[in-house]
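Read the structure below first, then the notes.
Just so you know, these numbers use all the heavy atoms, side chains as well, and skip hydrogens, waters and symmetry mates. The residues of the chain are indexed from 1 along the displayed sequence.
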Amino acid sequence: MSRPLDRRSEDRVEATGVEARRSAIVTAVRQRGFVTIEALAAQFGVTVQTIRRDLNELSAEGRLERYRGGGGLPSSVENIDYADRRVTLLPEKTRIGRLAASRIPSHCSVFVNIGTTPEAVARELTRHDDLSVITNNLNVALSLAEATEFHIVVAGGTVRNRDGAVLGQLTCDTLSQFRVDVAVIGISGIDADGALLDYDYEEVRATQTILAHARKTFLVADHTKFTRRPMVQVGRLDQVDTFFTDRMPPPEIVAMIERQGVTLAVADDEP
């Protein structure tokens, strides 16, 4: 016959359960970049008040960043692992990719840079005809080479093993030799003042070169980028022609987009 737990044992069991939930919250935030309070409450079957307490404690411990409405990544210097980013928000990135690709005509030239959302655009380009693709992303080059007859140019440079990015001065030199019709770029964060942000200086240099040598620029980024604050500036929203995302941005970013004449394309609003 089992004996009832004494009060100290009950407290230990409860504390273990709370810590397990909080560790799982941190894992969810690392995988998704940002998670709302309501989503966390539904995931763990607790009240929104409980999640608010969890987020406040985790923020105080430096394990995540507490934002209005949810929790996000605390780091401005380190991105999520590439393997995690490939599967995070995959349906949303697929919708963004399909919508952006639909605005790119056949028989044109396209830059595609580093990132899982630009890769989603590249997957949708296989339905096009006669494209010339210049990229510093080995994943894009290999997937298009297998599926299409496109003319594909891979920028020279040093391969970053963890994600197939090609970086360095040689990369920038190669990219600068071209003048293309459309650039598809991804970034890791958008600041409230319209700054486009990323984590790696060498990656940013390549993206800046792409921006300077494209007639039209498509920015592709999911909604988690609205709350992330990497420390290296790529450029600004006013350098973008069309911004493709999966949710309506915060009001201050929408207002900025309107002032600067950037076209906003939200994938969920498209048939």
Side-chain contact test, heavy atoms from C-beta onward, threshold under 4.5 Å: evaluate it for [X] versus [Y] and give yes or no.
X      : Y      : value
Thr126 : Leu144 : yes
Asn136 : Leu167 : yes
His107 : Asp129 : yes
Val154 : Thr174 : no
Thr94  : Glu124 : yes
Val184 : Ile104 : yes
Phe178 : Val153 : yes
Thr207 : Asp198 : no

Any chance you could measure [X], atom [atom1], to [Y], atom [atom2], to the nearest 0.5 Å?
X      : Y      : atom1 : atom2 : value
Leu89  : Lys225 : CG    : NZ    : 7.0 Å
Ile114 : Thr171 : CD1   : OG1   : 8.0 Å
Thr117 : Glu92  : OG1   : CD    : 10.0 Å
Thr242 : Phe218 : OG1   : CZ    : 4.5 Å
Leu40  : Arg22  : CG    : CZ    : 12.5 Å
Thr158 : Leu170 : OG1   : CG    : 8.0 Å

| Do Thr135 and Asn137 meet the criterion of a side-chain donor-acceptor pair at a distance under 3.5 Å? | no

| request: Show your working on side-chain contact (heavy atoms from CB on, under 4.5 Å) between Leu196 and Ile190 and close with a plain yes or no. | output: CA-CA 5 Å; Leu196 307 179; Ile190 304 173; 4.2 Å; yes

Looking at [X] and [Y], what are the two nearest heavy atoms and their distance?
X      : Y      : answer
Ala120 : Lys93  : CB-O, 3.4 Å
Leu64  : Gly72  : CB-O, 3.4 Å
Ile51  : Phe44  : CD1-CD1, 4.5 Å
Ile187 : Gly189 : CD1-O, 3.4 Å
Thr217 : Val240 : O-CG1, 3.8 Å
Phe243 : Ile257 : CD2-CD1, 3.7 Å

| said: What I want to find out is whether Asp191 reaches Arg229 closely enough, with some N-O distance under 4.0 Å, to be called a salt bridge. | reply: yes

| query | Any salt bridge between Arg160 and Glu203, counting N to O under 4.0 Å? | reply | yes

Is a side-chain donor or acceptor of [X] paired with a backbone partner of [Y] at a separation under 3.5 angstrom?
X      : Y      : answer
Asp222 : Asp246 : no
Thr245 : Ala221 : yes
Ser143 : Val140 : yes
Arg179 : Ser176 : no
Thr36  : Gly70  : no
Asn139 : Asp163 : yes
His128 : Ala101 : yes
Arg236 : Asp193 : yes

Treating Ile, Leu, Val, Met, Phe, Trp and Tyr as nodes and any side-chain heavy-atom pair under 4.5 angstrom as an edge, say whether [X] and [Y] lie in one connected cluster.
X      : Y      : value
Leu197 : Phe244 : no
Ile25  : Val48  : yes
Leu125 : Leu142 : no

| task | Show the numbers, then the answer: is there a side-chain contact (heavy atoms from CB on, under 4.5 Å) between Met248 and Val254? | result | CA-CA 8 Å; Met248 188 62 66; Val254 172; 3.9 Å; yes

| message | Quick check on Arg215: does its CZ atom have over 12 non-hydrogen neighbours (other residues, nucleotides or ligands) under 6.0 Å away? | response | yes

| query | Checking side-chain contact (heavy atoms from CB on, under 4.5 Å) for the pair Arg66/Arg52: CA distance, chi angles, key distance, verdict? | reply | CA-CA 9 Å; Arg66 175 74 160 92; Arg52 287 194 183 100; 3.8 Å; yes

| task | Evaluate the side-chain contact (heavy atoms from CB on, under 4.5 Å) criterion for residues Val110 and Ser132: first the C-alpha distance (whole Å), next the side-chain angles of each, then the deciding distance (0.1 Å), finally the verdict. | result | CA-CA 6 Å; Val110 186; Ser132 293; over 6 Å; no

